[in-house]
Trainee: 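A single structure is presented below for examination.
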Amino acid sequence: MNHALAAFRAIGAARRRYGQARLELGIFLEHVRSTEAWRLRNESFASFLEEERINDKAAYQYMRVARRFALELAVDDGTLAELAMVNMTTLDLAARVATPDNLEEILAIMTTLSERDARTELEAIEAQMDRQPTGKRREQRVEKVLRLYRELPDDQRIDVRNVLRVQPEVKTNARHD
């Protein structure tokens, strides 16, 4: 029995260290990406991740979470330690919906509810944020595209915006004499 209790404590401690390491890795990766430090060793950030054997999807999740909670919203260290125990998919969803105005609510959801209940609540907040001004829901395929867009890293969002940009019509004020 004593060994089991020690194992349970060790599992909790390992999970906390692992979670904190993900947040720390996210901060470092965000720094390397945003300052383009990867150019010192690689031709692209993707090749940097590949060389470091870091899954790109995981890296972008780590960066989104670290950027939102540690850098943009400046959550204190004690709260970050609590967030380290939260599933990364849930943290990533929370990072997409957290704002200075709803931060306390988002933190409470993540630290008090079960993972499934937290995701349900966060998805409801996300859906509320996605409602059109009239309160009418968007078509399901449009919702999916918007969700996928929000999950993209910043550099890929920029690419999407550039591809979708419609060139403005050039109006000339030609005079006919």
Trainee: Contact between Phe28 and Leu23 at the side-chain level, heavy atoms closer than 4.5 Å - yes or no?
Mentor: no

Trainee: With rounding to the nearest 0.5 Å, note down the distance linking CZ in Phe48 to CD in Glu43.
Mentor: 15.0 Å

Trainee: Between atom OG1 of Thr112 and atom CD of Glu121, what is the distance when rounded to the nearest 0.5 Å?
Mentor: 9.5 Å

Trainee: Nearest 0.5 Å, what's the CZ-CD distance between Arg17 and Gln20?
Mentor: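 Taking CZ in Arg17 and CD in Gln20, the distance rounds to 9.5 Å.
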
Trainee: What distance do Met88 atom CE and Arg64 atom CZ have between them, rounded to the nearest 0.5 Å?
Mentor: 10.0 Å

Trainee: Out of Asp92, Leu93, Asp117, which residue meets the side-chain contact (heavy atoms from CB on, under 4.5 Å) rule with Leu122?
Mentor: Leu93

Trainee: Would a 4.5 Å heavy-atom cut-off, applied to side chains only, mark Tyr60 and Arg33 as touching?
Mentor: yes

Trainee: If you apply the rule side-chain hydrogen bond (donor to acceptor under 3.5 Å, both in side chains), what do you find for Asp76 with Thr79, and how did you get there?
Mentor: CA-CA 5 Å; Asp76 64 82; Thr79 305; 3.0 Å; yes

Trainee: Any side-chain heavy atom of Met110 within less than 4.5 Å of one from Ile106?
Mentor: yes

Trainee: Identify whether Leu103 and Leu113 are in the same connected component of the hydrophobic contact network (ILVMFWY, side-chain heavy atoms under 4.5 Å).
Mentor: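 Yes, Leu103 connects to Leu113 through the hydrophobic network.
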
Trainee: Mind listing the closest non-hydrogen atom pair of Gly26 and Ala66 along with its distance?
Mentor: C-CB, 3.6 Å

Trainee: Please test Asn102 against Thr99 for side-chain hydrogen bond (donor to acceptor under 3.5 Å, both in side chains), starting from the C-alpha separation and ending with a verdict.
Mentor: CA-CA 5 Å; Asn102 70 5; Thr99 66; 3.1 Å; yes

Trainee: Using modelled atom types and a 3.5 Å cut-off, is there a donor and acceptor pairing between side-chain atoms of Thr90 and backbone atoms of Val86?
Mentor: no

Trainee: In Å, rounded to the nearest 0.5 Å, how long is the span from CD1 of Ile109 to CD of Glu105?
Mentor: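 Answer rounded to 0.5 Å: 4.5 Å.
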
Trainee: How far apart are the closest heavy atoms of Ala98 and Phe69, and which atoms are they?
Mentor: CB-CE2, 3.9 Å

Trainee: Would you mind reporting whether Leu29 and Leu49 have side-chain heavy atoms less than 4.5 Å apart?
Mentor: yes

Trainee: Mind running salt bridge (Lys or Arg N to Asp or Glu O under 4.0 Å) on Arg119 and Glu123 for me, showing each step along the way?
Mentor: CA-CA 6 Å; Arg119 286 185 54 80; Glu123 287 168 351; 3.4 Å; yes

Trainee: If hydrophobic clusters are built from ILVMFWY residues whose side chains come within less than 4.5 Å, do Leu80 and Leu71 share one?
Mentor: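 No, no single cluster joins them.
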
Trainee: Can any side-chain N or O of Arg16 pair as donor or acceptor with the backbone N or O of Ala84 at less than 3.5 Å?
Mentor: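 It does not hold such a pair.
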
Trainee: Could you state whether Ile27 and Val32 fall into the same hydrophobic cluster, counting links through intermediate Ile, Leu, Val, Met, Phe, Trp or Tyr residues with side-chain heavy atoms under 4.5 angstrom apart?
Mentor: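 Not linked; separate clusters.
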
Trainee: Taking it one step at a time, do Arg68 and Glu30 satisfy salt bridge (Lys or Arg N to Asp or Glu O under 4.0 Å)?
Mentor: CA-CA 11 Å; Arg68 177 67 64 169; Glu30 177 60 22; over 6 Å; no

Trainee: Just verifying a value: how many Å separate Arg96 CZ and Ile125 CD1, rounded to the nearest 0.5 Å?
Mentor: 12.5 Å

Trainee: So does Glu50 have more than 12 non-hydrogen atoms from other groups sitting under 6.0 Å from CD?
Mentor: no

Trainee: For residues Met85 and Leu91: do they belong to one hydrophobic cluster (side chain heavy atoms under 4.5 Å, members Ile, Leu, Val, Met, Phe, Trp, Tyr)?
Mentor: no

